[in-house]
Amino acid sequence: MNTTLKHWKEAATLILAAGHKLGADSLASRTPLTCAPGRSHLPHKSRFDYDVLLLKRSGKSGFMPNACVFPGGLVHSSDFSSEWLDVFKSFSESPHFGLRSVTQPGDTRPPLFATDRLKLGSPIPGEVAFRICALRETFEECGVLLSVSQKEEKRLLENIEGGRVPGREGPLHSNVNELCSGELSKWRDLVNQNPSNFIQMCRELEVLPNIWALHEWGNWLTPEGRYGVKRFDTAFFICCLQEIPPALQDDKEIVSVKWSTPSEVLSSYQAQEFWIAPPQVYEISRMCRVPLLSDLHNFSSRRATEGCEQLLPVLSLQDEHHTALLPGDRCYPSATSEETTSSDSKLAVPQEDDAALHRIVTVDPYTITLQINITPKYNHLLPVLGQSFPYDSKSKL
């Protein structure tokens, strides 16, 4: 873990999508969404054959209390522990423990992934450690354990040594919580008490964290001054499961567990049934482009080798709305750093109808508009841009 960062703490989160059983009537309407870039509408919930997992944070939480979030949390030093070398010893000869290489040039790679962890004292690559973190936090918060047994480990290793890439357009992950529920409950308590117990659990249960089932999806940084003094540099991963696994809140950090289709999540948020943060709105809006779980799995596994863009929102209060500028927007500052604030950029620019827009406009906590007319980098999805309120595109910004 990188302790040299001044303002951010490193974290990882997991977007967990899982299939559900549906009637024949609803299956007939499920076709890929092919909306043209620009304004579009949320697809009906019946078009989806999967749900996404959201966890409601406790009202006592120090960061975004009562928010619904993807499972995840802060990186712990044990996620970068050299002890993982022994746990993953079968993969010691494979670069990055058998994970696929990313083609993104190093100078454009988010520092979260580009940082040389050996120079920080850890032999565990960031791509591996952040996946371990996301898997550990998911287990802690809702009891869902994604693991690989010894039998599966041998087959996985044979595929890697044979040049067959794990996780690419293969079967969806199905081995979830296959161990004794009592044993899992015991270890969940122990890992909640001390995250380093996750290593010991894997040793004693003879399993590996299934890092190969997680595909790189994105990287968000908390903007200055938006959610108090805590700021996070968070790796986003995605994993597709064949069926919804049993999940239960820990009644500490998490008070409830919710599975919903992407369109249901956004509709419930707009109806003020619960609150989600702008990055969740953005990423779930991306998922609305892909109603079929198999398509989402194939897309995410193929796209992951492209890399991802670091998204640091820069806030402006130059009109009556809260506007978060994102990279590629005509008004986004040419250089950002840990010290970048909303006052760093002067946003008085000429108004052109075809000017690049990549921004999140917030009127109130439940009223958000995504304004995007640029092409996403690294072959990523353009969010579905459902207008949630009337907004003058020729505002002062």
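Only a predicted model underlies this, so the values are computations on that prediction, with no experimental measurement involved.
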Quick check on the hydrophobic clustering: are [X] and [Y] connected, directly or via other members, by side-chain heavy-atom contacts under 4.5 Å?
| X | Y | value |
| --- | --- | --- |
| Val128 | Leu157 | yes |
| Val102 | Leu99 | no |
| Ile199 | Leu205 | yes |
| Leu190 | Trp84 | yes |
| Tyr378 | Tyr332 | no |

*Would Asp51 and Leu53 count as a side-chain contact (heavy atoms from CB on, under 4.5 Å) if you check the C-alpha gap in whole Å, the side-chain angles of each, and the deciding distance to 0.1 Å?*
CA-CA 7 Å; Asp51 289 343; Leu53 175 63; over 6 Å; no
*Does NZ in Lys252 sit with more than 12 non-hydrogen atoms of other residues, nucleotides or ligands closer than 6.0 Å?*
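No - once you tally the heavy atoms of other residues, nucleotides and ligands closer than 6.0 Å, there are 12 at most.
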*Flag yes if more than 12 heavy atoms outside Glu183 fall under 6.0 Å of its CD atom; otherwise flag no.*
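Enclosed: over 12 neighbouring heavy atoms sit under 6.0 Å from CD of Glu183.
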Looking at every heavy atom in both [X] and [Y], which two are closest together, and how far apart are they?
| X | Y | answer |
| --- | --- | --- |
| Ile372 | Leu385 | O-CD1, 3.3 Å |
| Asn373 | Ala355 | ND2-O, 3.0 Å |
| Leu221 | Leu312 | CB-CD1, 3.8 Å |
| Glu204 | Trp187 | OE1-CZ2, 3.5 Å |
| His215 | Ser300 | CB-O, 3.7 Å |
| Pro123 | Leu85 | CG-CD1, 3.7 Å |

*Could you tell me whether the side chain of Asp49 and the main chain of His20 form a donor-acceptor pair under 3.5 Å?*
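Checking the backbone N and O of His20 against the side chain of Asp49, no donor-acceptor pair under 3.5 Å is found.
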*Test Cys308 against Phe236 for side-chain contact (heavy atoms from CB on, under 4.5 Å), laying out the working first.*
CA-CA 10 Å; Cys308 69; Phe236 279 61; over 6 Å; no
Heavy atoms, side chains only, cut-off 4.5 Å: are [X] and [Y] in contact?
| X | Y | answer |
| --- | --- | --- |
| Leu248 | Val257 | no |
| Gln104 | Pro110 | yes |
| Glu264 | Phe48 | no |
| Gln249 | Leu55 | no |
| Arg359 | Cys331 | yes |
| Leu146 | Leu214 | yes |
| Phe70 | Val52 | yes |
| Ile124 | Arg117 | no |

*Could you list all the side-chain hydrogen bond (donor to acceptor under 3.5 Å, both in side chains) pairs where at least one residue sits in residues 127-145, not counting sequence neighbours?*
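Only Asp79-Arg136, Arg136-Glu140 qualify under side-chain hydrogen bond (donor to acceptor under 3.5 Å, both in side chains).
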_Pairs flagged by salt bridge (charged side-chain N to carboxylate O under 4.0 Å, His left out) wherever residues 268-280 is involved - sequence neighbours left out_ =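 Salt bridge (charged side-chain N to carboxylate O under 4.0 Å, His left out) check on residues 268-280 returns no pairs.
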*Parallel, tilted or perpendicular: which fits the ring planes of Phe198 and Phe139, with parallel below 30° and perpendicular above 60°?*
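Geometry flag for Phe139 against Phe198: tilted rings.
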*With under 30° as parallel and over 60° as perpendicular, where do the rings of Tyr366 and Tyr269 fit, or are they tilted in between?*
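Ring orientation, 0 to 90° scale: tilted.
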To the nearest 0.5 Å, what is the distance between [atom1] ([X]) and [atom2] ([Y])?
| X | Y | atom1 | atom2 | answer |
| --- | --- | --- | --- | --- |
| Leu293 | Met287 | CG | CE | 8.5 Å |
| Leu266 | Gln280 | CG | CD | 11.0 Å |
| Leu315 | Thr362 | CG | OG1 | 9.0 Å |
| Asn66 | Arg57 | CG | CZ | 10.0 Å |

Is the distance between the ring centroids of [X] and [Y] less than 6.0 Å?
| X | Y | value |
| --- | --- | --- |
| Trp212 | Phe91 | yes |
| Phe130 | Phe80 | yes |
| Tyr282 | Trp220 | yes |

*Report the C-alpha distance between Phe232 and Val75 in whole Å, list the side-chain angles of each, state the deciding distance to 0.1 Å, and finish with yes or no for side-chain contact (heavy atoms from CB on, under 4.5 Å).*
CA-CA 10 Å; Phe232 300 96; Val75 168; over 6 Å; no
*Can Glu283 and Arg286 be counted as an ion pair, charged N to O under 4.0 angstrom?*
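Looking at Arg286 together with Glu283, the answer is yes, because their closest N to O distance falls below 4.0 Å.
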*Pick out which of Arg100, Arg302, Arg109 makes a salt bridge (Lys or Arg N to Asp or Glu O under 4.0 Å) with Glu216.*
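The passing option is Arg109.
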